[in-house]
Amino acid sequence: MNDSIIVDMRYADYDIIDGTPNAERHHVFEGHRWRHLADIDGLWIPLSRKNHQDARCSAHGCKLVKTLLHIIGQLAYEKHLVAQGMTEEEARMAFLKRYGEKFL
C-alpha cells in the first residue's frame, strides 16, 4: 500500500477523528472495483476500530460518513494531479475515468 495522499504520514498511526493510536487503514474507496486503485493512489485514512467499523456512525456503518470520505478522496486525488501539472478540469476528468464516478 502506498503512502496516503490524504494524511501526513507522520500521523498515519493515529485516528483522524479522535487521535486514538494504533489506527487501522481505511480505504476511502473500498469494494472489489476500487480498493486496488485506492491502494495505488494512496487514498486511505487512519481510523480506530470504533470509527472504522464498530460505531453506528463509522466509515462502514454510516452512509453520510462514507459519502464525506468519497468527497475527501476525490478532492485529494484531484489536488495531487493538479500539483503534478494537470488543470483542475483535466484532474476531474482523470478521476472520473479512473473511478467511473464523481462525488462532487
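Along the sequence shown, residues carry numbers from 1.
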ILVMFWY network linking [X] to [Y], side-chain heavy atoms under 4.5 angstrom:
{"X": "Leu104", "Y": "Ile72", "answer": "yes"}
{"X": "Met86", "Y": "Tyr77", "answer": "yes"}
{"X": "Tyr99", "Y": "Ile40", "answer": "no"}
{"X": "Leu81", "Y": "Trp44", "answer": "no"}
{"X": "Met9", "Y": "Ile6", "answer": "no"}

Check your understanding: For Asn51 and Asp18, what are the C-alpha separation, side-chain angles and deciding distance, and is it a side-chain contact (heavy atoms from CB on, under 4.5 Å)?
Key -> CA-CA 9 Å; Asn51 290 324; Asp18 62 17; 3.4 Å; yes
Practice item. Any chance you could lay out the side-chain contact (heavy atoms from CB on, under 4.5 Å) test for Asp13 and Asn22, step after step, and finish with the verdict? Key: CA-CA 5 Å; Asp13 291 328; Asn22 303 316; 5.7 Å; no
Closest non-hydrogen atom pair, [X] against [Y]:
{"X": "Val28", "Y": "Gly73", "answer": "CG1-CA, 3.9 Å"}
{"X": "Ala76", "Y": "Leu43", "answer": "CB-CD2, 4.3 Å"}
{"X": "His27", "Y": "Ala38", "answer": "CD2-CB, 4.0 Å"}
{"X": "Pro46", "Y": "Ala23", "answer": "CB-CB, 3.7 Å"}

**Study point:** Polar side chain donor-acceptor pair, His70 to Gln74, under 3.5 angstrom
**Key:** no
Point to revise | Residues Thr20 and Asp15: side-chain donor-acceptor under 3.5 angstrom | key: no
Taking atom [atom1] of [X] and atom [atom2] of [Y], what is their separation to the nearest 0.5 Å?
{"X": "Lys102", "Y": "Ile71", "atom1": "NZ", "atom2": "CD1", "value": "13.0 Å"}
{"X": "Asn2", "Y": "Asp41", "atom1": "CG", "atom2": "CG", "value": "8.0 Å"}
{"X": "Glu78", "Y": "Leu96", "atom1": "CD", "atom2": "CG", "value": "9.5 Å"}
{"X": "Leu64", "Y": "Cys57", "atom1": "CG", "atom2": "SG", "value": "6.5 Å"}
{"X": "Ser4", "Y": "Ile16", "atom1": "OG", "atom2": "CD1", "value": "8.5 Å"}

Check your understanding: Does a side-chain heavy-atom distance below 4.5 Å link Arg98 with Leu37?
Key -> yes
**Study point:** pair Cys62-Arg56: side-chain heavy atoms closer than 4.5 Å
**Key:** no
Check your understanding: Could you walk me through whether Ile17 and Leu47 pass the side-chain contact (heavy atoms from CB on, under 4.5 Å) check?
Key -> CA-CA 7 Å; Ile17 295 171; Leu47 291 173; 3.8 Å; yes
Review point. Salt bridge or not for Arg33 and Glu101, using N-O below 4.0 Å?
Key: yes
**Study point:** Residues Glu30, Arg35: salt bridge by 4.0 Å N-O rule
**Key:** no
Review point. Do other residues, nucleotides or ligands put more than 12 heavy atoms under 6.0 Å from Gln84 CD?
Key: yes
Study note, to complete from the structure: ring pair (Phe, Tyr, Trp, His ring centres under 6.0 Å) filter on His26, not counting sequence neighbours, yields His52, His60
Practice item. Would you please classify the geometry between the Phe103 ring and the Phe95 ring as parallel, tilted or perpendicular, with 30° and 60° separating the classes? Key: perpendicular
**Study point:** Intermediate values then yes/no, side-chain contact (heavy atoms from CB on, under 4.5 Å), Leu69 and Ile45
**Key:** CA-CA 9 Å; Leu69 292 176; Ile45 57 170; 3.4 Å; yes
